[in-house]
Engineer: 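So that we are looking at the same thing, I have put the structure below in structure tokens.
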Amino acid sequence: MGCRLVPVIAFCPNNTEVHIYKFIADKWEKLHVLSKHDQIVSGIDWGRSTNKIVTVSHDRNSYVWTQEGQDWVPTLVILKLNRAALCVQWSPKENKFAVGSGAKSVCICYYEQENNWWISKVIRKKHESSVTSLAWHPNNIHLATTSADGKCRVFSTIIKGVDTRGSQSSASADWKFGEQIAQLDLTTTWAFGVSWSPSGKTLAYAGHSSMIYFVDDVEASPAAQNLALRDLPLRDILFVSEKMAIGVGFDCNPLIFSADETGLWSFVRYLDERKVTPSASKASQLSEALGKLYGQSRQGSSDTVEPSKPRGGAHENCITCIVPLRKGSESIVKRFSTSGLDGKIVVWDLENHVTITQ
């Protein structure tokens with residue numbers, strides 16, 4: 001899913017197409033259908049400054065879409081992949097983007113003016129499995145990745161002629177392209193949803209073991225905090241401010257995390273509060289216990305096992321993506337959208353739900 005400015009949104013309806021909708025007269029209307037990929041589209045990102053859309057697919061291809069009049073014109077990106085492309089994200093300056101793949105590699109793509117095409121440089125031989133998510137550091141140089149090998153890594157992506165010396169911090173001046181700056185081995189399970197805080201000081205990512213990790217000063221001397229969740233694992237994370245983050249995943253309900261004055265992170269509450277009557281709660285617990293004892297209901301039986309969690313929330317299945325919705329140069333995220341396996345896209349307004357910790 002990709003958003004530029006509400007009420008315009010781009011998403012893939014679980015096929016080879018990308019649909020662009022706009023909110024007009026109290027309803028969503030389809031404006032465009034981008035059809036170029038041969039297999040399911042696995043990643044979309046919409047550049048806020050350049051108004052370009054980048055898409056990647058299991059067909060191992062990537063396209064950069066540019067709006068010309070009423071049409072969106074695709075430009076093929078040379079990825080050099082032999083496995084599916086899984087995720088994509090524009091850099092903060094939108095002069096390059098990163099593509100994670102099932103080929104255990106990351107492609108850093110940029111526009112070559114001389115030949116009028118998009119090419120890539122590949123970071124290889126670092127990941128031991130598929131790259132599941134990406135996050136650019138605010139300095140436009142460092143890139144964090146998570147992988148199914150259970151590790152979170154940070155790389156330098158400096159490209160001569162694309163990144164200027166002024167865009168580098170003094171600490172990163174000596175890093176070369178593809179050089180690994182840090183490797184975090186905090187989980188033995190799949191890792192998902194990596195994200196940087198607005199200042200780039202804190203890095204967060206999730207493990208499939210229902211853990212979330214907050215790491216400070218990754219480049220210099222990493223200091224990690226491990227936070228165990230009481231319920232199901234997360235799939236994606238978004239910092240809304242320096243001391244507040246939102247996690248989404250298999251609980252179908254965004255989770256709020258906050259840091260205190262000492263920098264200690266903790267779980268605050270679910271964003272989408274659901275009210276359950278005592279009788280309904282007891283019935284749900286009984287149904288869950290019976291379900292565990294006897295297994296799923298048999299074919300043709302009228303008895304069904306009720307879910308352990310109450311229904312009626314905004315999402316009814318795993319939330320797989322969270323996208324910030326900013327206006328202008330806002331550093332604090334007050335609105336964001338989520339999409340999930342239930343086929344829903346939900347826009348959240350934090351100002352009506354919680355006080356954002358600065």
Side-chain angles (χ1 to χ4, degrees), residues 39-45 54-62 77-92 96-110 118-137 139-159 162-163 172 175-196 200 202-209 211-215 218-219 222 224 226 233-237 249 320-321:
Q39 296 183 30
I40 188 171
V41 176
S42 50
I44 307 170
D45 198 17
V54 59
T55 60
V56 296
S57 167
H58 288 181
D59 61 11
R60 309 188 304 279
N61 290 326
S62 172
V77 183
I78 303 175
L79 291 183
K80 308 172 186 176
L81 292 177
N82 59 5
R83 295 292 186 276
L86 301 178
C87 49
V88 64
Q89 189 175 97
W90 285 105
S91 68
K96 56 186 178 180
F97 59 88
V99 177
S101 73
K104 308 178 185 178
S105 61
V106 177
C107 300
I108 308 300
C109 309
Y110 60 97
W118 290 83
I119 61 175
S120 65
K121 296 185 69 173
V122 184
I123 301 175
R124 302 182 188 273
K125 300 180 180 179
K126 301 293 183 180
H127 300 90
E128 299 173 6
S129 189
S130 299
V131 178
T132 56
S133 61
L134 309 160
W136 285 95
H137 190 280
N139 66 10
N140 206 68
I141 301 295
H142 295 168
L143 177 73
T145 68
T146 54
S147 172
D149 62 13
K151 297 177 176 61
C152 177
R153 299 173 174 88
V154 180
F155 298 96
S156 169
T157 67
I158 185 167
I159 299 176
V162 177
D163 299 299
S172 61
W175 295 111
K176 298 179 181 179
F177 176 84
E179 193 167 355
Q180 183 171 286
I181 298 172
Q183 177 173 300
L184 305 173
D185 304 325
L186 300 178
T187 179
T188 57
T189 62
W190 287 20
F192 293 106
V194 65
S195 179
W196 294 95
T202 304
L203 177 71
Y205 71 100
H208 203 57
S209 55
M211 297 283 289
I212 182 172
Y213 308 94
F214 295 93
V215 187
V218 174
E219 182 177 346
N226 303 346
L234 300 176
R235 282 293 308 269
D236 205 358
I237 302 169
T320 58
C321 180

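All values below were derived from every heavy atom in this structure, side-chain atoms included, with hydrogens, water molecules and symmetry-related copies excluded. Keep in mind the model is a prediction, meaning the values are calculated, not measured.
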Engineer: Working to the nearest 0.5 Å, report the span between CG of L79 and OG of S62.
Structural biologist: 5.0 Å

Engineer: Can you check whether I119's main-chain N or O pairs, donor with acceptor, with K80's side chain at less than 3.5 Å?
Structural biologist: no

Engineer: Between CG of N139 and CH2 of W196, what distance do you get to the nearest 0.5 Å?
Structural biologist: 8.0 Å

Engineer: Do K121 and F177 meet the cation-pi criteria used here (NZ or CZ under 6.0 Å from the six-membered ring centre, within 45° of the axis)?
Structural biologist: yes

Engineer: Between atom CG of D163 and atom OG of S156, what is the distance when rounded to the nearest 0.5 Å?
Structural biologist: 8.5 Å

Engineer: Dump the intermediate steps for side chain to side chain contact (heavy atoms under 4.5 Å, CB included) on T187 and H208, then the final yes or no.
Structural biologist: CA-CA 8 Å; T187 179; H208 203 57; over 6 Å; no

Engineer: Between T146 and T132, is there a donor-acceptor pair closer than 3.5 Å when you use the side chain of the first and the backbone of the second?
Structural biologist: no

Engineer: Between atom CG of N226 and atom CZ of F214, what is the distance when rounded to the nearest 0.5 Å?
Structural biologist: 10.5 Å

Engineer: Is the number of heavy atoms from other residues, nucleotides or ligands under 6.0 Å of W190 CH2 greater than 12?
Structural biologist: no

Engineer: Consider only side-chain N and O atoms of S147 and S129, and report whether a donor and an acceptor are under 3.5 Å apart.
Structural biologist: no

Engineer: Grab the two heavy atoms, one from S57 and one from I40, that are nearest each other, plus how far apart they are.
Structural biologist: OG-O, 2.9 Å

Engineer: Take atom NZ of K104 as the centre, draw a 6.0 Å sphere, and report whether it contains more than 12 heavy atoms from other residues, nucleotides or ligands.
Structural biologist: no

Engineer: With a 3.5 Å distance limit and no angle check, can you tell me whether Y110 reaches the backbone of V162 through a side-chain donor-acceptor pair?
Structural biologist: no

Engineer: Might you point out which heavy atoms bring V88 and I44 nearest each other, and give the distance in Å?
Structural biologist: CG1-N, 3.8 Å

Engineer: Can any side-chain N or O of H58 pair as donor or acceptor with the backbone N or O of Q39 at less than 3.5 Å?
Structural biologist: no

Engineer: About how many Å separate CG of L234 and OG1 of T320, when rounded to the nearest 0.5 Å?
Structural biologist: 13.0 Å

Engineer: Rounded to the nearest 0.5 Å, how far apart are CD1 of I123 and CD of E179?
Structural biologist: 11.0 Å

Engineer: Taking the side chain as everything from C-beta on, heavy atoms only, tell me whether V77 gets closer than 4.5 Å to F97.
Structural biologist: yes

Engineer: Is a donor on one side and an acceptor on the other found under 3.5 Å between the side chain of K126 and the backbone of R153?
Structural biologist: no

Engineer: Between D236 and S133, is any pair of side-chain heavy atoms under 4.5 Å apart?
Structural biologist: no

Engineer: With a 3.5 Å distance limit and no angle check, can you tell me whether S42 reaches the backbone of A85 through a side-chain donor-acceptor pair?
Structural biologist: yes

Engineer: Evaluate side chain to side chain contact (heavy atoms under 4.5 Å, CB included) for T188 paired with S209, printing each intermediate quantity in order.
Structural biologist: CA-CA 8 Å; T188 57; S209 55; over 6 Å; no

Engineer: Considering only heavy atoms from C-beta outward, does the side chain of H142 approach that of I181 to under 4.5 Å?
Structural biologist: yes

Engineer: What is the minimum heavy-atom distance between A191 and K151, and which atoms define it?
Structural biologist: CB-O, 4.3 Å

Engineer: Hey, does V99 have a side-chain heavy atom less than 4.5 Å from the side chain of C109?
Structural biologist: yes

Engineer: Which of these passes side chain to side chain contact (heavy atoms under 4.5 Å, CB included) with V194: V154, L184, L203, L143?
Structural biologist: L203

